[in-house]
Amino acid sequence: MKIQVLGTGCAKCKALTANAERAVAELGLDASVEKVEDLREIAKFGVMTTPALAVDGEVRSAGKVLSPEAVKALLVR
Amino acid sequence: MKPPVARPDSPPSPCCCTPPAAARVASSSGRSARTALALAGALLVWLAAYAAIQPVSERIAFGLLGLGRTSHLGQSVAFFLYDAPKVLLLLGLIVFLVGIVRSFFTAERTRALLAGRRESVGNVLAALLGVVTPFCSCSAVPLFLGFVEVGIPLGVTLSFLVSAPMVNEVALVLLFGLFGWRVALLYLLTGLAVAIAAGFILGRMKLERHVEAWVYESMRRGAAFEAERLGFVGRVEKGREAVRDVVGKVWPWVLAGIAVGAGVHGYVPEGLLASFMGKSAWWSVPAAVVIGVPMYSNAAGIIPVVEALLGKGAALGTVLAFMMSVIGLSLPEIVILRKVLRPPLIAAFVGVVASGILLVGWLFNAVL
């Protein structure tokens, strides 16, 4: 499973990355959390608000800092 | 791209129901009733607290602390004890309401509303949507790309990018709380006017060739995630989130700003600033803009200071121009926009917006 956090490196993006990492650790998933900071790469996902979260290349959330619990809910369904 | 569907009674589609959403729908009527009750209770507490500020603050300053009503220290302390809770209460209420309003507007929905609009109508609509759409300057570029992608004209996009930071709900609340509704309304209307006019003029200037070339090459792949369904309880939760987020972040600035304001209120003599920030000094408006543009502060920190300046004889137009250039145009946002806009366009953008602010300042100084 590949988890990507899309954001240019503002405080909210860092918070989302940390929450995603915590969710992965708590679920014991074999998944990598990767930060996508390049604007062109972010544009390719088609999101208009950051931070956004993509799972296996598919955008699942945009424009907010999900709590670790909310990330878990996205990952396990 | 689908606009978010926001009907509390609509069942979640089977493909996208997360467990919490499902639970929310199952007991939605009970939770709605409880939420409504909690809201009513909170409003009563708020009203009681607001009514108590004046008597309590005076009793503390002049009774408990025994400060003289006419002393510098007494005036400063009373000012602080009255203004700080008042502004924080107003801030909490308005941010909550704005949070709820904004839950109806996502960037995606705003884009859908703007797509295919003619320029003039589009500028007006973009400026208005800039006020209610949630916006953070770190999202300015993805938003810009998203707008350009569906063919929204450059000038319309820029109207949005001017209005979104400049017409700011925190600034509106503080202006309302400290100067009354007339000044708040003036700020809202002139802020919108600057955003509309600047976007329109920039659109006429045909600057599309100064947008970085890759902007038009990349993308064309809308994100296909489902917008969440909120309902009444979800929207109230959004409002609470906004309060936690905004008030939690700005309260130290508000207190610091009011403290500085309180010092000026008690100690700086009346009219001291009139000579160089007053109406007669025409150059004070451009000076305020030149100082304000590179400065970056949130509205919360700047306004209480501004209030104190105003009380000591600075002219309203000068002060408004200063405030608009501090929160509307900022160096960090310009640096971010540089990634998609080439320098000539950046220069035109800053120049046109700053000129608009300048005109607002002079207009107010001349009229009021």
Side chain / backbone / both / neither for B:Phe147 at chain A, heavy atoms under 4.5 Å:
both
Please list all pairs passing the salt bridge (Lys or Arg N to Asp or Glu O under 4.0 Å) test where one or both residues lie in residues 9-22 of chain A, with sequence neighbours left out.
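As it turns out, the salt bridge (Lys or Arg N to Asp or Glu O under 4.0 Å) pairs with a partner in residues 9-22 of chain A, which skip direct neighbours, are A:Arg22-A:Glu26.
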At a heavy-atom distance under 4.5 Å, which candidate from A:Thr8, A:Ile42, A:Thr49, A:Val65 has the highest pair count against chain B?
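Max contact count across the listed options: A:Thr49.
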Atom CG of B:Asp245 and atom NZ of A:Lys64: how far apart are they, to the nearest 0.5 Å?
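Result: 13.0 Å between the selected atoms.
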Quick one, A:Leu39 and B:Pro142 - any side-chain contact, counting heavy atoms below 4.5 Å?
yes
Heavy-atom count check: over 12 atoms from other residues, nucleotides or ligands less than 6.0 Å from A:Asp56 CG?
yes
Go through the structure and list residues passing side chain to side chain donor-acceptor pair (under 3.5 Å) with B:Glu241, not counting sequence neighbours.
none
